[in-house]
Structures are given as structure tokens and as C-alpha cells.
There are 2 protein chains.
Amino acid sequence: MALLTGTSTELDRLRTAGLRPTRQRVALARLLLGPGAHPRPRHVTAEALHIEAARAGIKVSLATIYNTLHQFTGAGFLREVVVDSGPSYFDTNLGEHHHLYFEDTGELRDVDAANVRVTGLPAAPRGTEVARVDVVVRLRHRKG
Amino acid sequence: MALLTGTSTELDRLRTAGLRPTRQRVALARLLLGPGAHPRPRHVTAEALHIEAARAGIKVSLATIYNTLHQFTGAGFLREVVVDSGPSYFDTNLGEHHHLYFEDTGELRDVDAANVRVTGLPAAPRGTEVARVDVVVRLRHRKG
DNA sequence: CAATAGTTTAGAACTACTCTAAATAGGAAC
DNA sequence: GTTCCTATTTAGAGTAGTTCTAAACTATTG
């Protein structure tokens, strides 16, 4: 009874994405994508997720954390965000959005793209298409 | 005579910025910022600059390349751009501008900000100010 | 030109990942 | 269930990009 409690939403999502629902993947999917897991949207680093998983009693190596984060990104469950050197963030917010980046703390906050309009950008050059337009508002502690 | 040829513009810029005009810094300033050095704007990585300097007969260690790039950035001679994991780019374009990023090749191209308008962004939260708004258009090879 | 403080350097160290090859574990077939 | 096969996981080595350290060097001041 204990093993199969809870919805198997995550299990189904994994299977649909062609990912075998292993213990590690299911557990990480619950942590990141499960209902009421953490307040979302979240911006998690591999290192942070590794620690969080360990605290939750999930035994998973760092290599698997990286593999899984990339597989989830490929499957469209997450979005990778790089704003500066240092670790990548994986964002659970899949909607169109941009970011507020606090340079002093490294904190990343979402900005719904619904209200934001970017005009005057050039057309995509021949042979290319726009994958995404990222807007990052870099904030620093007000001086003075 | 040979040692002091050329304008000493770079030398003065360094001094004004409080940077002692050492052989290495002057040589790198000429490569990056000097008139007619390379077509500009440029997006150079530390590694690429190290190789370029070596080819130009400038003996400079990689550590100094990194130090100098950061000092130049601090002095406002360069701007650091991070678009994905991998090396940082240092941009000689100091005007307001955004970037086209070719995901397949890693190429970075400037977009003059004069024509671009970004509206609907939230105000900077209390105690912070906007350091910069970066727009990155991510391009990929058109599929299909 | 000597003193001194800022610079440079080689090489070690470090961070954030990725790879490798062996062990493990889903899941289909019986 | 048991067997088999392949996907997955893992520890640990390896790598890229960058920073640190402590000693050697050099631009400037007196």
C-alpha cells in the first residue's frame, strides 16, 4: 500500500515523455513538478536539488541529478536559464516569461511575459528562426 | 624610437582609470580598444584573446588576460556578456545594445538598442535599481 | 637609483559539469 | 515469479573555464 500512494501523475508524465519512470526520476519529478511540492515557480540548481533530495531521503547521485535535469528540460518539464557565470538554474515556470536578476544575491524572479512587449528587433537572419527572446532585468543594490 | 611609436591614447585611458599602464595592459588595450585594431564591435573570450596576443608577439599569461579583462570591464572599457554555459564573452561595444545569439555556432551579434523598445517591465523592487536590461534573441538553425 | 607598492606569472586549486565503465533495476517474455 | 535484455544509475575520473597563491618582477615615488 505504502509504495503506490499518491497520484501517479508524475509517473504518467515520465512515460509519455519516453522516460522510464525510475525511482530517482519519479522522486525528482515529485519534488520539482508535483502539486504542492514547493511554492512555484522555482529556480533550482543541480547542487541545490541534490541537497534537497538528500534531505527528502532520496538517494540519488549528482550525475543523475544532472542527467535528469537535462532530460526534463528536453521533455519540456523545465527550462534552463543562464544569467551569469556560475551554476545553471532550472526553472519550473514553463509559461512565457522573463527574469529579474538580483546581481548581489544571485536570486532570480519571474516576470510574466504577458505584459511585456519587445519591439524593433531585427528579423531572424536567413536560415535561422527565433528559438526564444530572453529579457533579463539586472538589478543591484541601490547605491547612495 | 620604436618603443614609443603610436598614439598613447590607451596609455592615458589606463592612467585615467587608475590602472598602471604596464606593458601587458597597454598591449591588450591596443588590441581590444585601439583604433583600427580589429573590426569592432568584438566579442572576445579570454582564451581567444590569449591566442591572439601570442600571435601578436605579446607575452602575457592567461591569468593576466583574465585580470585585465575584468579590470577593463570595471573601468568601463568592456562589457561582460554571458549567454550560456561556456566561456564569458567580453564585448567592446559600450553603447546600449542587445544581442543575437546563434545557439548552433555560439556566435554573438550586436543589435543596436536605439530601435528596440521594451515596455511593461515591473519597476525595480525597493532598495534596488536597474543596472541593465539585456535582451537576447536566441536563434537556431531553421528546421524543416 | 633605491625603495615600495602594484603587477605578473606559473602552477595549484576550484567550480560546475560531463564522461566512463561497472553495477543495478525496469519491464517484456516466458 | 524468473529470466533476460537494455535503460539507467553510480562512483570516481576527467574536463573547461576560471580564480587563487606566493614568489618574481616592474612602474613609479622620493
Side-chain angles (χ1 to χ4, degrees), chain A residues 3-4 8 10-29 31 43-54 57-75 77-78 80-90 106 108, chain B residues 3-4 8 10-29 31 43-54 57-75 77-78 80-90 106 108:
Chain A
L3 265 174
L4 293 175
S8 39
E10 283 73 41
L11 208 136
D12 291 340
R13 284 185 83 178
L14 290 172
R15 262 202 267 266
T16 305
L19 296 171
R20 192 183 278 189
T22 63
R23 215 181 301 107
Q24 293 86 337
R25 292 211 271 234
V26 172
L28 293 176
L31 271 185
H43 302 100
V44 79
T45 64
E47 191 58 34
L49 182 59
H50 192 211
I51 292 169
E52 185 183 330
I58 304 161
K59 205 182 149 295
V60 57
S61 73
L62 193 53
T64 296
I65 296 275
Y66 277 105
N67 288 339
T68 305
L69 285 172
H70 288 141
Q71 288 151 1
F72 283 11
T73 301
F77 301 163
L78 294 174
E80 188 170 359
V81 183
V82 178
V83 277
D84 69 352
S85 47
S88 283
Y89 290 90
F90 291 85
L108 206 56
Chain B
L3 266 172
L4 292 176
S8 39
E10 284 73 41
L11 207 138
D12 291 340
R13 285 185 81 178
L14 290 173
R15 262 202 266 267
T16 306
L19 295 171
R20 192 181 280 189
T22 62
R23 216 179 303 111
Q24 293 85 338
R25 292 212 271 234
V26 173
L28 293 176
L31 271 186
H43 302 100
V44 79
T45 64
E47 190 58 33
L49 182 59
H50 191 211
I51 291 168
E52 185 181 332
I58 304 162
K59 205 182 150 293
V60 57
S61 72
L62 193 53
T64 295
I65 296 276
Y66 276 106
N67 289 338
T68 304
L69 285 172
H70 288 140
Q71 288 151 1
F72 284 11
T73 301
F77 302 162
L78 293 175
E80 187 171 358
V81 182
V82 178
V83 278
D84 70 351
S85 46
S88 282
Y89 290 89
F90 291 84
L108 207 54

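For the numbers below, each heavy atom of this structure counts, side chains included, while hydrogens, waters and symmetry mates do not. Just so it is clear, the structure is predicted and the values come from calculations on it, not from any experiment. Here is how names work: the chains are called A, B, and so on, in the same order as the sequence lines, proteins then strands, and each is numbered from 1.
With hydrogens and angles disregarded, no donor-acceptor distance shorter than 3.5 Å links the side chain of A/Arg20 to the backbone of A/Arg15. Formation of a donor-acceptor pair under 3.5 Å by the A/His43 side chain with backbone atoms of A/Leu108 is found in this model.
For B/Glu47, there are no side-chain hydrogen bond (donor to acceptor under 3.5 Å, both in side chains) partners two or more places apart in sequence or in a different chain.
Judged by distance alone, the side chains of B/Gln24 and B/Thr64 never bring a donor and an acceptor atom under 3.5 Å apart.
A distance below 6.0 Å separates the ring centres of B/Phe90 and B/His70.
A pairwise comparison of heavy atoms in B/Ala53 and B/Val60 identifies CB-CG1, 3.9 Å as the closest pair. In terms of heavy-atom proximity, B/Ala46 sits nearest to B/Leu62 at O-CD1, 4.2 Å.
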Dump every N/O contact between nucleotides 3-5 of chain D and the protein below 3.5 Å, one line per pair.
none

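For C/dT18, the OP1/OP2 oxygens have a side-chain nitrogen or oxygen of A/His70 closer than 4.0 Å. The phosphate of C/dG27 (OP1 or OP2) has a side-chain N or O of A/Arg15 nearer than 4.0 angstrom.
The CG atom of A/Leu49 sits 12 Å away from the P atom of C/dC17 (whole-angstrom rounding). Note: CG (A/Leu69) to C1' (D/dT8) measures 16 Å, nearest angstrom. Atom C1' of nucleotide D/dT26 and atom CG of B/Leu11 are separated by 15 Å, given to the nearest angstrom.
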*Would you check, one step at a time, whether the test side chain to side chain donor-acceptor pair (under 3.5 Å) holds for B/Glu80 with B/Ser88?*
CA-CA 7 Å; B/Glu80 187 171 358; B/Ser88 282; 2.8 Å; yes
_Per-nucleotide protein contact string for nucleotides 2-16 of chain C, where B marks a base within reach and S marks sugar-phosphate only (heavy atoms under 4.0 Å, - for neither)_ = ----SSSBB-----S
